[in-house]
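Read through the structure below, which is laid out as structure tokens, and then see the notes.
Heads up: numbering here begins at 1 and tracks the sequence.
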Amino acid sequence: MSAHATVAAPGARLKKVLRRGEDHGGTPRLSPLWTFVAWLATLAFFAPVAWMVLTSFHQEADAATNPPSLLAPVTFDQYKLLFSRDITPFLLNSSMASVISTLLVLVLAVPTAYALSIKPVEKWTDVMFFFLSTKFLPAIAALLPVYLIVKDAGMLDNVWTLIILYTAMNLPIAVWMMRSFLAEVPKEILEAAEVDGAGLPTVLLRIVAPVAMPGLAATSLICFIFSWNEFMFAVNLTATNASTAPVFLVGFITSEGLFLARLCAAATLVSLPVLIAGFAAQDKLVRGLSLGAVK
């Protein structure tokens with residue numbers, strides 16, 4: 001067999017496999033072995049989460065056994081304890097900081113990405129590198145200057161401080177993501193809108209936003225997750241009025257006594273808003289993350 005035939009054979013076999021899958025419904029199908037491997041990988045990633053949820057329904061003594069007891073009695077005592085310690089203000093602070101900062105990020109990122117992709121500004125690659133360079137500095141290195149500035153401004157223990165910081169932290173990521181999404185918007189649609197006399201706000205709201213909705217959903221969810229999970233600034237810049245859910249979780253970690261079941265219950269409850277948002281935008285999220293991947 002020639003070298004050319006040896007190189008071409010795997011590609012020919014792959015095309016034949018995909019063609020057989022398309023003949024049975026139009027979508028390429030994987031072999032049972034790869035399907036099994038995919039399910040196995042999914043279960044491996046999901047196992048720690050399932051274990052956390054299961055542990056949250058156990059007593060502390062049962063959660064601390066080695067090896068852990070799978071058949072221990074189920075109880076809701078840990079969740080009752082959470083609400084008795086008033087977790088609601090922490091969840092509200094996290095929700096307010098995450099939602100408002102995500103909306104501000106989208107308001108700023110969409111026009112910026114529009115200017116960098118559909119109507120590219122001069123030296124737009126330098127602009128993109130500048131946005132990326134703002135993520136080079138570790139956040140811990142900026143903690144002291146940020147703390148001093150916030151203290152002098154009288155904004156310690158204020159949820160609006162977190163909103164401003166989260167907006168600044170997530171804006172570079174959103175600009176990079178939205179630029180790749182908006183680059184896929186057909187130029188013909190925009191040219192037709194300009195011929196009809198549509199201004200920039202109309203183009204962004206009525207043309208670009210609906211077409212790039214999967215990308216907007218993906219960007220929004222990622223910014224929301226980053227804001228919801230942020231801990232360092234929240235624990236150092238807040239005290240009692242603006243503490244967020246991750247700060248609440250730390251309160252269950254003690255040097256003495258058992259806390260695993262309570263911590264798992266708190267982590268499960270804090271994870272629910274992100275999981276609900278992910279499932280609600282699941283279809284748009286998958287389309288958004290894969291937008292532009294295949295021409």
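- Checking side-chain atoms of S101 against main-chain N and O of S98 turns up a donor-acceptor pair under 3.5 Å.
- Hydrophobic clustering of Ile, Leu, Val, Met, Phe, Trp and Tyr side chains at less than 4.5 Å, counting indirect connections, keeps F45 apart from V274.
- In this structure, CZ in F76 is found 15.0 Å from CG in L81, a value given to the nearest 0.5 Å.
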Item to complete: May I have the step-by-step check of side-chain contact (heavy atoms from CB on, under 4.5 Å) for N229 and I225, ending in yes or no?
Response: CA-CA 6 Å; N229 293 336; I225 292 174; 3.4 Å; yes
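- A heavy-atom distance below 4.5 Å is found between the side chains of L106 and S220.
- Few gaps surround NZ on K135; more than 12 heavy atoms of other groups in view lie less than 6.0 Å from it.
- Atom-to-atom distance recorded for S271:OG and I276:CD1 is 11.0 Å, nearest 0.5 angstrom.
- Without hydrogens or angle criteria, W228 side chain to C223 main chain gives no donor-acceptor distance under 3.5 Å.
- For the pair Y114 and R179, the minimum side-chain heavy-atom distance is 4.5 Å or more.
- Residue A63 comes nearest to L260 through the heavy atom pair O-CD2, 3.5 Å, listed as atom of the first residue, atom of the second, then distance.
- Note: F57 and Y79 have tilted aromatic rings, judged against thresholds of 30 and 60 degrees for the angle between ring planes.
- In this structure, T134 and M169 have side chains that are not in contact, with every pair of non-hydrogen atoms separated by 4.5 Å or more.
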Fill in: Derivation of the side chain to side chain donor-acceptor pair (under 3.5 Å) call for T102 and N170
CA-CA 8 Å; T102 299; N170 292 328; 5.6 Å; no
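- Between the side chain of N93 and the backbone N or O of T244, no donor-acceptor pair lies under 3.5 Å.
- In terms of modelled atom types and a separation under 3.5 Å, the side chain of E230 and the main chain of M232 share a donor-acceptor contact.
- The environment of CZ in F231 is crowded: more than 12 heavy-atom neighbours from other residues, nucleotides or ligands sit within 6.0 Å.
- When side chains are defined from C-beta on, F90 does not count as touching L249, because their heavy atoms never get closer than 4.5 Å.
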Discussion item. Please determine whether side-chain contact (heavy atoms from CB on, under 4.5 Å) holds for the pair M177 and I173, giving the CA-CA distance in whole Å, both sets of side-chain angles, and the decisive distance to 0.1 Å.
Written reply: CA-CA 6 Å; M177 291 184 64; I173 301 173; 4.1 Å; yes
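- Under the 4.5 Å side-chain heavy-atom criterion for grouping Ile, Leu, Val, Met, Phe, Trp and Tyr, I87 is connected to V53 within one hydrophobic cluster.
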Fill in: Worked check of side-chain contact (heavy atoms from CB on, under 4.5 Å) between N241 and N158
CA-CA 7 Å; N241 297 325; N158 192 318; over 6 Å; no
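- The two residues P273 and V270 have their closest heavy-atom pair at CD-O, 3.2 Å.
- If you chain together hydrophobic residues whose side chains sit under 4.5 Å apart, V211 and L216 fall into the same group.
- No single ILVMFWY cluster, assembled from side-chain heavy atoms under 4.5 Å apart, contains both M96 and V247.
- The structure places CG of L108 at 12.5 Å from CE of M178, a figure rounded to the nearest 0.5 Å.
- When L162, I164, T161 are each tested for a side chain to side chain contact (heavy atoms under 4.5 Å, CB included) with V150, only one passes: T161.
- Remark: side-chain polar atoms of Q78 are paired, donor with acceptor, to backbone N or O of H58 under 3.5 angstrom.
- The structure places CD of Q59 at 11.0 Å from CZ of R262, a figure rounded to the nearest 0.5 Å.
- With values rounded to the nearest 0.5 angstrom, W176 atom CH2 is found 4.5 Å from M128 atom CE.
- Of all heavy-atom pairs between I163 and A97, the closest is CG1-CA, 3.6 Å.
- L92 and V99 end up in different hydrophobic clusters when Ile, Leu, Val, Met, Phe, Trp and Tyr side chains are linked at under 4.5 Å.
- S243 approaches D157 most closely through the heavy-atom pair N-OD1, 4.5 Å.
- Rounding to the nearest 0.5 Å gives a distance of 9.5 Å between CG of L91 and CG of D86.
- Aromatic ring centroids of F226 and Y166 lie 6.0 Å or more apart.
- Using modelled atom types, one side-chain atom of S94 and one backbone atom of A245 make a donor-acceptor pair closer than 3.5 Å.
- Annotation: side chain of L116 is in contact with side chain of T112 (closest heavy-atom distance under 4.5 Å).
- V159 and A242 get closest at one heavy-atom pair: N-CB, 3.5 Å.
- When all heavy atoms of M155 and W160 are compared, the closest pair comes out as CE-CB, 4.2 Å.
- The backbone N or O of F224 sits nowhere less than 3.5 Å from a side-chain atom of S227 that would complete a donor-acceptor pair.
- In terms of modelled atom types and a separation under 3.5 Å, the side chain of D62 and the main chain of A72 share no donor-acceptor contact.
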